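For reference, the structure discussed in these notes is given below.
Chain identifiers are assigned alphabetically (A, B, ...) following the order of the sequence lines, protein sequences preceding nucleic acid strands; residue numbering begins at 1 within each chain. Predicted model, so just to flag it, every value in this text is computed and none were measured.
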2 protein chains.
Amino acid sequence: MKTRARPPDSRTRILAAAASEFAARGFDGASVDRIARTARLNKAMIYYHFKSKAALYGEIVRGLIEAVLARARTIAASDATPREQIAAFVRAIVEEAEARPHFPPMWLREIAEGGRHLDRATFNLVRQVPETLNAIIERGCATGEFRRVHPLLLHFSIIGPLVLYFASQPVRSRIANEGLSPLMVMPRDQFLAHVEHATLATLTTGPHERGRRS
Amino acid sequence: MKTRARPPDSRTRILAAAASEFAARGFDGASVDRIARTARLNKAMIYYHFKSKAALYGEIVRGLIEAVLARARTIAASDATPREQIAAFVRAIVEEAEARPHFPPMWLREIAEGGRHLDRATFNLVRQVPETLNAIIERGCATGEFRRVHPLLLHFSIIGPLVLYFASQPVRSRIANEGLSPLMVMPRDQFLAHVEHATLATLTTGPHERGRRS
DNA sequence: GTCTATATCGGGATAGAC
DNA sequence: GTCTATCCCGATATAGAC
């Protein structure tokens, strides 16, 4: 999209290596040396392409949020029904999480960190995700198929379980493998179906719903 | 409970300071110097009480999981109905998160980290939380008031949104304060009520439920 | 664009006095 | 139990050759 470049050039290799390093170790835990080694490059090469470790980190996080936001916007702009749009959003998050394995851990870490490494521009992107979600909710309320639910609530109820599920996969495998506890295994499709279903249930005014209007 | 000790002694001060430092910066980002300063002690004092930074960290995480597990067990052993027990569990998580502000961030970080700093004993505790939840589900299924839901699913659907909500409070305040975006504010009670409600809805076989048995 | 070598500094951990 | 002083390693970042 930017210029011509075929083989994974050094810059791309650095970004990939850094993403996995940051995801696994966090910003402070990540080592520029290790990133360089993984990228099959020298450390100096990283500072040739990026101003600093923080700048490198920021670029990755920004790309991540941009990807999610782009998906959300595309969905919101589609001509699907609100119900279908919400379901599509859930699946989009799953696809992003699977396409970019560094997504769930980095997201969790960044929240825990209080967004310490994020600049205003990135903050603006973050903000826009629940806002896009809100647009879908509004439309659903207009047609009468949705209850009015706070977008933050919806957002966290979707992304919380999903991100936790993917990010915890290593821990769960470990527990399942060494000791026993079959409860720690759970097929991806089942999880996805549940979240999709539960989310839509929350948005729908069920027949026997009591007056709760959270 | 252990011995007599009235004023917050040095060991306790270290644990408190370390908890907040680890929550804010993560394991690698945390500085033993800073912990010592916050605890109004010298760094050497930390190594007098704890074997290493990792040991200190481990003790805090363990205490955290123990607290949650204890709450879950007490609830599961109570004579409340399964529905009430689940609702109580949700509220217990909220109370723990508010009583120990370091809980949500550390939990998120530990998952992202893949439990790298956790020993077998702690792993065993982690495992037991969804297992306790499962016992409640089983009982609910026996009385016919619950559908059969995977405990991991239930666990993540409860703890995911809650922990995200609390841990993201700093980021959300920042976004809400400086720029605008009223969507980022959301009262605690509303959130709690929603999660409680949504969780129970998931467990209940609604009248118009389609055959999904996630 | 890619490398080697090096400056510089902070942080975990310990020694040892009191 | 509490302190000061110190060791030492690893990590970010840069200089400069090719």
Please report the distance, rounded to the nearest Å, between [atom1] in [X] and [atom2] in [N].
X       : N      : atom1 : atom2 : value
A:Asn42 : D:dT14 : CG    : P     : 14 Å
A:Arg11 : C:dG1  : CZ    : P     : 11 Å
A:Arg37 : C:dT2  : CZ    : P     : 19 Å
A:Lys51 : D:dA13 : NZ    : P     : 9 Å
A:Asp28 : D:dG10 : CG    : C1'   : 14 Å
A:Ile35 : D:dG10 : CD1   : C1'   : 15 Å
B:His49 : C:dA13 : NE2   : P     : 16 Å
B:Arg13 : D:dC3  : CZ    : C1'   : 14 Å

Any side-chain heavy-atom pair of [X] and [Y] under 4.5 Å:
X        : Y        : answer
A:Phe191 : A:Leu162 : yes
A:Phe22  : A:Met106 : yes
B:Leu56  : B:Ile14  : yes

Candidates [options] - which lies nearest the side chain of [X]:
X       : options                : value
A:Lys53 : D:dA15, D:dT12, C:dG12 : D:dT12
B:Met45 : D:dA11, D:dT4, D:dG1   : D:dG1
B:Asp33 : C:dA13, D:dT12, C:dG11 : C:dG11
B:Tyr47 : D:dA13, C:dA13, D:dC3  : C:dA13
A:Tyr48 : D:dA11, C:dT2, D:dT2   : C:dT2

* Asked: Are side-chain N/O atoms of A:Glu21 and A:Tyr57 paired as donor and acceptor at under 3.5 Å?
  -> no
Review point. How are the rings of A:Phe103 and A:Trp107 set to each other: parallel, tilted or perpendicular (split at 30° and 60°)?
Key: perpendicular
ask   = Is a donor-acceptor pair below 3.5 Å formed from side chain B:Lys43 to base C:dG11, judging by atom type as modelled?
value =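 Such a pair does not exist between side chain and base.
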| request: Output yes when at least one side-chain N/O atom of A:Ser10 is less than 4.0 Å from OP1 or OP2 of C:dT2, else no. | output: yes
Practice item. Remember a base hit wins even if backbone is also touched, and classify B:Ala30 as base, sugar-phosphate or nothing at under 4.0 Å, heavy atoms. Key: sugar-phosphate
Problem - DNA chain D: 5'-proximal contact among B:Arg40 and A:Phe27 (nearest heavy atom) - result: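 That would be B:Arg40.
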